[in-house]
Amino acid sequence: MAASLSFKRSDSIADSMPDALRQSRYQMKRCFARYVSKGKRLMKNKHLMDELEKSMDDKVEKDKLMEGFLGYIICSTQEAVVLPPFVAFAVRPNPGIWEYVKVHADDLSVEGITPSEYLKFKESLYDENWAKDDNALEIDFGALDLSTPHLTLPSSVGNGLQFISRFMSSRLEGPDSIKPLLDYLLVLNYRGEKLMINDTLDTVNKLQTALLLAEVFVSGLPRNTPFQKFEHRFQEWGLEKGWGDTAEHVKETVNSLSEVLQAPDPVNLEKFFSRVPTIFNIVIFSPHGYFGQENVLGLPDTGGQVVYILDQVRAFEEELLQRIKLMGLSIKPQILVVTRLIPDAKGTKCNQELEPIFNTNHSHILRVPFRTETGVLRQWVSRFDIYPYLERYAQDAAATIVDHMEGKPDLIIGNYSDGNLVASLVSTKLGITQGTIAHALEKTKYEDSDVNWKVLDQKYHFSCQFTADMIAMNTSDFIITSTYQEIAGSKDKPGQYESHYAFTMPGLCRYATGINIFDPKFNIAAPGADQTVYFPYTQKQKRFTNFNPEIEELLYSKVENEEHVGYLTDRKKPIIFSMARLDTVKNITGLVEWYGKNKRLRDLVNLVVVAGLLDPSKSKDREEIKEINKMRSLIEKYQLTGQIRWIRAQTDRNRNSELYRCIADTKGAFVQPALYEAFGLTVIEAMNCGLPTFATNQGGPAEIIVDGVSGFHINPLNGDESSNKIAEFFEKCRDDPSYWNKVSTDGLKRIMECYTWKIYATRVLNMGSMYGFWKQLNKEEKLAKQRYLQLFYNLQFRRLAKTVPIPSDAAQKPTGTS
Ligand code: UDP
Ligand code: LCN
């Protein structure tokens, strides 16, 4: 139990701890004696708490201690390195805030230490020589952030855009300071054609005068007057196209710039930048996996990332078209998703170079092959083995993109470690604003994978992946995350990005500062679900009723075959439904077990899961094979036939959406039981369809759902508690059917307020233009950091990438995970 002691950031732990230790000297000496008694080791929070508990026999004293400052420090310690006679603590009093202290176990003296010193301590457990080596490679990206302002409040982390618009407003104050904005506007053009202002407006005064004239003029025009009608007048004042399509919109844009020039304020600055014509062509990198629109979901390395990107593209295109129209321009936007061309495409279209994206008019998938010295690589390679190809791929992709777009893109967005590295290489080369998206950072998925990298490297090549991650995070102009927890975690658990603040890979590299989550480049922009597909079950006239016979068969036929196993005897019962890849982390087998064990729940509802393949001999994925066997044995063990329907992975999103809705028709629920979920697209798909949703409290879903209001949190590590929570819900619904409707409606409300692609596209395009300008403002510092990053890439990454074997064209072996 964490003590609820308030702790001011100004009190350093190193300063306050000695006193606290002195006050409980006797107990603490016993406790520290226990800590060091087993010799050198790494202790996690749980161990520290257990040992503390064991060292005290008096309950009253123990409670007192736990409620005091010492209890608070130990509760907030993520891990400690024991190197007798010292114990070094990594304390995290608040999200993103870390302090490191070293305590002498005998005399209880305390010393504050730097992250680098702490990491050296830690390294001694794994590689003593490296830890002692004064010249071991240490990287400190923070050392180059000399003038970058940083946020200070943990609660503001992820609001980078807001922060930089405030900061820029203050920095642009005054006639001389505003000049960089003028310079920025002076070079705006599309394919050589000037936009907004021309060279005659070369001073801020001249621009202000022109804007004044323009505003008075347009104010006198009927609101809907098209820009073309007064274009020539604008040109006389030095104003070009791009201000708006009608007098009304032109006036709004002119006014917001005038306001900014007079006295910059964040609201007008953001408004103005949302109107500046800077982004028309976007490139999105997602090299790995089978990236396609049909028959790819369920293949290794191909999951939610594909769904996310395809929906993202549609949202971007819509938003771009709307913005371009509002600007009064007739430019056609272009969006390219750049992925890998896989000659051995296994029945997908991944061997096609160019593929238009469904439901768009200006967006394509562009596939560029991986080339090696011996030619084009034919087969799929796991995302863990992808590193040797990326440099050449980035060069080839850059040339193909420029060719295809007939010019450079205006914004580059990377996805996952490989895509982000390629995005960094290409954006640096072409001088373009870059955004990155992780979906998941592998370092946090595998506990202590940084310090144990040597053991894992042959299988996962984390040496390459984490190096690539560090380069991309630091190169990128902005970072998009789906949730707050992805950046800064929760009160007790560090976030995915946060865990890259200070870490070490002994024998390879120590990151004294890897990435600081208080950097204003971090932004939360949560994805949505395509609402033309995932809409509420109540919208009867829109429903895809053509699927009814197939869904009826899928859910209720008594046949067991390659498509489905098990059947439902009592079709009057509501259904609890889940759908995911059949990976361990998705915990579908966990859900089956919870259900199997809980008679109360079994009496109330049936269980339907869509997951993976059903026959282990058909799968090529080691983890999936294990899970398939487990599913089969659980069905047997709990005698679930008659109450469970297990359906193989489904790839038709339209039919899947109807499936969610049909489950809603049964007054059922969706359950997402993952051990950890980075975001969880199925959660928002289900909620969009009006299906009450129970989802893991580990990761993104904990933020999507407000527990007990818009759905429910479940603890994947406590099956009994979770299955009882689900059972309670259905009992409550049985007694009061309006309760089901309430949760369904409140889930939808939550989606409309926070999780739509429209909200996402608006935010990300605003980031694209604001961070583009921000980058200009900080040119020198950016360049210095770029040099450092380049050096690191050349000397470290390239060397590591060479250690990953390049497969021959032999048959593929089963893969690790997807
Ligand atoms: N999905 C699917 N068929 C399946 C399993 C999953 O179409 O058999 C889709 C699902 O609807 C969602 C995506 O794949 O759009 C999975 O995304 P999520 O974020 O839930 O998990 P990920 O697979 O990315 O870890
Ligand atoms: C990858 C994951 O594991 C999911 O949690 C996300 O929802 C998906 O990507 C899309 O970002």
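Model, not experiment: these values are computed from the prediction. Just so you know, ligand 1 is whichever comes first in the structure, and atom 1 is the first atom listed for that ligand.
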Asks: Give the residue and atom name of whichever protein heavy atom lies nearest to atom 21 (O) of ligand 1, and the separation in Å to one decimal.
Replies: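 Answer for atom 21 (O) of ligand 1: K586 NZ, 3.0 Å.
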Asks: Any atoms of ligand 1 less than 4.0 Å from a non-hydrogen atom of V610? List them with their elements.
Replies: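 Listed by number with element, the hits are 8 (O).
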Asks: Passes salt bridge (Lys or Arg N to Asp or Glu O under 4.0 Å), E317 versus R314? Steps please.
Replies: CA-CA 5 Å; E317 186 178 300; R314 291 181 196 107; over 6 Å; no
Asks: Working note: S417 + D469, criterion side chain to side chain donor-acceptor pair (under 3.5 Å); need CA distance, chi angles, decisive distance, verdict.
Replies: CA-CA 6 Å; S417 308; D469 284 337; 2.7 Å; yes
Asks: Give the numbers and elements of all ligand 1 atoms closer than 4.0 Å to a heavy atom of V307.
Replies: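 With V307 as reference, the close atoms of ligand 1 come out as 13 (C), 15 (O).
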Asks: Which atoms of ligand 1 are found less than 4.0 Å from any heavy atom of N656?
Replies: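 Ligand 1 atoms under the 4.0 Å threshold to N656: 2 (C), 3 (N), 7 (O).
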Asks: Say whether R581, considering both its backbone and side-chain N or O atoms, lies within less than 3.5 Å of an N or O atom on ligand 1.
Replies: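 Yes, there is a polar N/O contact under 3.5 Å.
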Asks: In the protein, which heavy atom is nearest to atom 9 (C) of ligand 1, and how far is it?
Replies: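 Nearest protein contact, heavy atoms only, for atom 9 (C) of ligand 1 is L297 CD1, 4.0 Å.
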Asks: I'd like to know if E442 pairs up with K445 as an ion pair, taking the criterion as any Lys NZ or Arg NE/NH1/NH2 lying under 4.0 Å from an Asp or Glu carboxylate oxygen.
Replies: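 Yes, this pair counts.
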Asks: Can you pull out the closest protein heavy atom to atom 7 (O) of ligand 2? Residue, atom name and distance to 0.1 Å, please.
Replies: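 Of the protein heavy atoms, G680 N, 3.0 Å lies nearest.
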Asks: I'd like the name of whichever of E685, R648, E677 reaches closest to atom 12 (C) of ligand 1 through any heavy atom.
Replies: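 The option holding the nearest heavy atom is E685.
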Asks: Set out, in order, the CA-CA distance, both residues' side-chain angles and the distance that settles salt bridge (Lys or Arg N to Asp or Glu O under 4.0 Å) for R571 and E552, then state yes or no.
Replies: CA-CA 11 Å; R571 62 177 295 172; E552 167 74 23; 2.7 Å; yes
Asks: Which residue and non-hydrogen atom of the protein lie closest to atom 4 (C) of ligand 1, and at what distance in Å?
Replies: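 Of every protein heavy atom, Q650 O, 3.5 Å lies nearest to atom 4 (C) of ligand 1.
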Asks: Do F670 and Y660 have their ring centres less than 6.0 Å from each other?
Replies: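 Here the rings of Y660 and F670 have centres that are less than 6.0 Å from each other.
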Asks: Under 6.0 Å from the six-membered ring centre of F503 and within 45° of its axis: does the NZ or CZ of K443 meet both?
Replies: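 Judged by the rule, K443 and F503 form a cation-pi pair.
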Asks: Using a strict cut-off of 4.0 Å, indicate which atoms of ligand 1 neighbour a heavy atom of A649.
Replies: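 With A649 as reference, the close atoms of ligand 1 come out as 8 (O).
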Asks: Examine the proximity of ligand 2 to F679 and report which part, side chain or backbone, both or neither, has a heavy atom under 4.0 Å away.
Replies: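 Both of them.
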Asks: May I have the step-by-step check of salt bridge (Lys or Arg N to Asp or Glu O under 4.0 Å) for R653 and D311, ending in yes or no?
Replies: CA-CA 12 Å; R653 63 189 336 227; D311 284 349; 3.0 Å; yes
Asks: Ring of F478, cation from K521 - is the NZ or CZ under 6.0 Å from the centre and inside 45° of the axis?
Replies: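 Judged by the rule (NZ or CZ under 6.0 Å from the ring centre, within 45° of its axis), K521 is not positioned above F478.
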Asks: Using a 4.0 Å cut-off to any heavy atom of E677, which atoms of ligand 2 qualify?
Replies: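 This gives 2 (C), 3 (O), 4 (C), 5 (O) as the contact atoms.
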Asks: Among all the protein's non-hydrogen atoms, which is closest to atom 6 (C) of ligand 1, and how far away is it?
Replies: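 For atom 6 (C) of ligand 1, the nearest protein heavy atom comes out as M579 CG, 4.0 Å.
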Asks: Do any heavy atoms of T651 fall under 4.0 Å from ligand 1?
Replies: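 Contact check T651 vs ligand 1: negative.
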Asks: Does A440 approach ligand 2 within less than 4.0 angstrom via side chain, backbone, both or neither, non-hydrogen atoms only?
Replies: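 No part of A440 is near ligand 2 at this cut-off.
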Asks: Give the numbers and elements of all ligand 2 atoms closer than 4.0 Å to a heavy atom of H439.
Replies: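 Ligand 2 atoms under the 4.0 Å threshold to H439: 1 (C), 8 (C), 9 (O), 10 (C), 11 (O).
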Asks: Is R661 close enough and on-axis enough to F535, meaning under 6.0 Å and within 45°, for cation-pi?
Replies: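 Satisfied, under 6.0 Å and within 45°.
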Asks: Compute the minimum heavy-atom distance from G700 to ligand 2 and say whether it is under 4.0 Å.
Replies: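 The answer is no, since G700 has no heavy atom less than 4.0 Å from ligand 2.
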Asks: Report the nearest protein non-hydrogen atom to atom 17 (O) of ligand 1: residue, atom name, distance rounded to 0.1 Å.
Replies: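 The closest heavy atom on the protein side is G304 CA, 3.3 Å.
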Asks: Side chain to side chain contact (heavy atoms under 4.5 Å, CB included), that's the test. Do I309 and N415 meet it? Break it down for me.
Replies: CA-CA 9 Å; I309 293 170; N415 287 272; 3.5 Å; yes
Asks: Out of L681, V609, V533, whose heavy atom is nearest to atom 18 (P) of ligand 1?
Replies: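 When every heavy atom of L681, V609, V533 is considered, L681 comes closest to atom 18 (P) of ligand 1.
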Asks: N/O to N/O below 3.5 Å, does that happen between G304 and ligand 2?
Replies: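 No, G304 has no N/O under 3.5 Å of an N/O on ligand 2.
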Asks: With a 6.0 Å cut-off on the ring centroids, do H439 and F679 count as close?
Replies: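 When the ring centroids of H439 and F679 are compared, they turn out to be at least 6.0 Å apart.
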Asks: For ligand 2, which atoms sit closer than 4.0 Å to a heavy atom of A678?
Replies: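 Counting from 1, the qualifying ligand atoms are 5 (O).
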Asks: Run the numbers on L607 and F577 for side chain to side chain contact (heavy atoms under 4.5 Å, CB included), then give the verdict.
Replies: CA-CA 6 Å; L607 173 63; F577 174 55; over 6 Å; no
Asks: Check for me whether the distance between the ring centres of Y556 and Y567 falls short of 6.0 Å.
Replies: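 No: the rings miss the under 6.0 Å criterion.
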